[in-house]
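Scroll down for the structure; my scribbles are underneath it.
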Number of protein chains: 2
Amino acid sequence: MAAVRELDYRPNTLAKGLKIARSGIVGLIVPDIVNPFFPEIIRGAELAARPAGYTLLCCNVVEDPAREEEVLETLLNRRVDGVIICSARMSDKRLFDTVKRCKAAVLINRSAPKSIAGTIEVDYRRGMIAAVDHLVRNDRRHIAYAGGHATSRGDQQRRQGILEALDGHGLELVLDVPCSPDIQGGVAGATAFLDSGRQIDAIICYNDLIAIGLLGVLKERSIAIPHDIAVIGCDDILAASLVNPPLSTLRVAKEDLGAAAMRMLIDRIDQRHIQQGIVIEPELVLRASTEGP
Amino acid sequence: MAAVRELDYRPNTLAKGLKIARSGIVGLIVPDIVNPFFPEIIRGAELAARPAGYTLLCCNVVEDPAREEEVLETLLNRRVDGVIICSARMSDKRLFDTVKRCKAAVLINRSAPKSIAGTIEVDYRRGMIAAVDHLVRNDRRHIAYAGGHATSRGDQQRRQGILEALDGHGLELVLDVPCSPDIQGGVAGATAFLDSGRQIDAIICYNDLIAIGLLGVLKERSIAIPHDIAVIGCDDILAASLVNPPLSTLRVAKEDLGAAAMRMLIDRIDQRHIQQGIVIEPELVLRASTEGP
DNA sequence: ATGAAAGCGCTAACAG
DNA sequence: CTGTTAGCGCTTTCAT
């Protein structure tokens with residue numbers, strides 16, 4: 001102990017990791033760290049990781065599937081003890097093949113055989129049913145969807161919920177436009193809606209960023225919200241409550257989501273497969289971009 | 001090569017790191033990943049790190065100096081090749097002592113002897129002088145400051161610029177209230193301003209989150225912005241342009257900042273100390289929370 | 001050119 | 001209970 005102080009000795013975590021075959025690092029892959037949805041997940045995950053002695057290595061893949069694979073490969077070579085992947089865009093086959101090589105894995109918003117990875121999914125289907133029901137209750141009949149990437153599992157679930165609910169009301173989806181999941185995507189989407197010439201009185205968006213971009217264009221074109229067109233987003237990011245008019249949205253407990261994913265991952269690392277899959281219910285938050293309940 | 005395929009061999013980065021005494025990991029410490037200022041820095045840093053073969057290990061210290069030290073220690077034990085620290089809150093002594101043990105380090109918004117660490121600083125002093133000048137030019141005479149943590153170097157620089165500019169106009173700072181650098185901090189700050197009973201016609205905020213929280217309270221109390229009180233934020237986060245009224249602010253090139261820090265760090269890792277310190281000039285962005293120029 | 005061997009710093013197993 | 005040793009998987013040096 002005297003020598004420790006004398007030489008300012010620090011244990012070398014690398015060497016320790018090599019010996020005990022555990023790096024003490026868990027990876028977290030997110031599509032875009034600049035999208036405010038993900039930092040809260042990261043924070044939840046990190047808050048759960050540190051007390052358990054793990055360091056969180058979070059990687060941003062800037063919405064690029066090739067980079068997603070490359071990053072996952074890097075993490076595996078670093079012998080991370082486990083990996084959490086948010087909204088993976090890879091094909092099932094490639095994803096499962098790679099993830100199988102991990103000691104432990106948890107997928108957020110993607111399903112997988114429980115032997116390969118634990119899963120945490122937001123029930124966007126149910127959430128979107130609530131959103132559509134609310135719109136129809138307020139006499140909206142011409143509903144459009146500003147969707148996300150086709151490769152996104154969450155996008156498919158949202159669409160499924162929307163179609164199902166519309167069907168229940170004897171309605172059809174007026175328009176379905178894929179958008180990149182950011183403000184620019186919403187701007188482009190809005191233009192596509194307006195240029196289509198179709199009658200639209202409500203737009204549901206894949207996420208709040210798209211909704212915010214859309215809102216900007218509609219206001220510019222002097223379209224009254226919600227009078228002419230009601231808008232609903234998804235995620236409930238900070239900006240959703242701040243824009244004008246404030247945005248109705250599906251709130252997702254993002255920090256809880258991250259923490260739950262991390263706890264599940266640690267359970268799997270320790271070979272305790274207590275819970276195999278968790279489903280989180282989003283909550284419909286009504287603000288001025290749709291009329292009251 | 002046949003065997004490589006056969007056995008699905010993957011090089012063990014840990015073992016390699018142990019041998020060559022380079023982990024290939026660079027650390028990035030940010031005070032709060034949920035504050036939209038930082039994800040853009042992270043992205044810039046990551047985008048610069050990957051082509052150079054480094055993996056970015058980004059750590060969130062949730063505005064807690066104790067955790068800041070703990071995290072830095074963890075990174076050192078992992079033998080990271082270098083560290084970038086954003087807005088470090090530690091005392092000079094502790095910070096320098098720890099950072100000295102790194103192979104390479106870069107500090108963002110904190111100064112240090114160039115032998116210990118490279119630095120990237122935003123010239124908040126100059127930025128705030130521009131902000132005050134603009135307010136005074138529009139006949140604001142009773143200016144208050146919603147500041148940040150006293151331990152923040154950036155806070156001191158902002159205050160210095162404000163005081164200097166006010167002095168040049170023969171004015172004094174009406175009120176100086178420290179706020180936690182988030183929306184709640186702005187809400188608390190607004191209450192403190194209003195309860196002070198002092199006459200105030202402009203408020204400059206440490207960052208946009210504080211300004212946004214403040215804006216909410218002012219609107220609630222039916223105070224007209226900018227007519228009664230002008231508000232200026234700092235950072236130009238996404239939400240700044242979206243709130244009502246849109247927020248005037250000091251724009252900082254966040255992604256560039258992160259990328260510049262990473263390039264400087266890599267230079268230092270490679271023993272090329274090309275640039276020792278960089279100063280970034282913020283840009284005054286005028287929106288409706290202050291009157292036009 | 002290709003191959004053998006030493007050793008990075010740690011832990012776990014074993015001997016004293 | 002303390003002390004020694006082998007070996008984790010890689011790179012680098014040295015001998016063939």
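Labels below follow one simple rule: chain letters A, B, ... track the order of the sequence lines, proteins then strands, and each chain is numbered from 1.
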*Should we say atom CZ of B:Arg94 is surrounded by more than 12 heavy atoms from elsewhere, each under 6.0 Å from it?*
no
*Quick one: A:Arg10 CZ to C:dC8 P, roughly how many Å, whole number?*
21 Å
*To the nearest 0.5 angstrom, please state how far the OG atom of A:Ser87 sits from the CG atom of A:Asp155.*
11.0 Å
*Have a look at A:Arg22 and say if it touches a base, only the backbone sugar-phosphate, or nothing, with a 4.0 Å heavy-atom cut-off.*
nothing
*asked:* With a 4.5 Å cut-off on side-chain heavy atoms, are A:Glu281 and A:Asp123 touching?
replied: yes
*Considering residues, nucleotides and ligands other than A:Arg126, do more than 12 of their heavy atoms fall under 6.0 Å from its CZ?*
no
*Verify, without hydrogens or angle tests, whether B:Asn207 (side chain) and B:Pro181 (backbone) share a donor-acceptor contact under 3.5 angstrom.*
yes
*Rounded to whole angstroms, how far apart are CG on A:Leu76 and P on D:dG9?*
16 Å
*asked:* So B:Arg79 and B:Ile25, do their side chains get closer than 4.5 Å, heavy atoms only?
replied: no
*Could you state the atom-to-atom distance from CZ of A:Arg78 to P of D:dC8 in whole Å?*
22 Å
_So for the helix from C:dG3-D:dC14 to C:dC14-D:dG3, with five pairs setting each end axis, what is the inter-axis angle to 10°?_
40°
*Which ones in residues 11-21 of chain B lie close to DNA chain D, meaning a heavy atom under 4.0 Å from one of its atoms?*
B:Pro11, B:Asn12, B:Ala15, B:Lys16, B:Lys19, B:Ile20
_Between B:Lys103 (side chain only) and B:Ile269 (backbone N and O only), is there a donor and an acceptor less than 3.5 Å apart?_
no
*Please check if atom CZ in B:Arg272 has more than 12 non-hydrogen atoms from other residues, nucleotides or ligands closer than 6.0 Å.*
yes
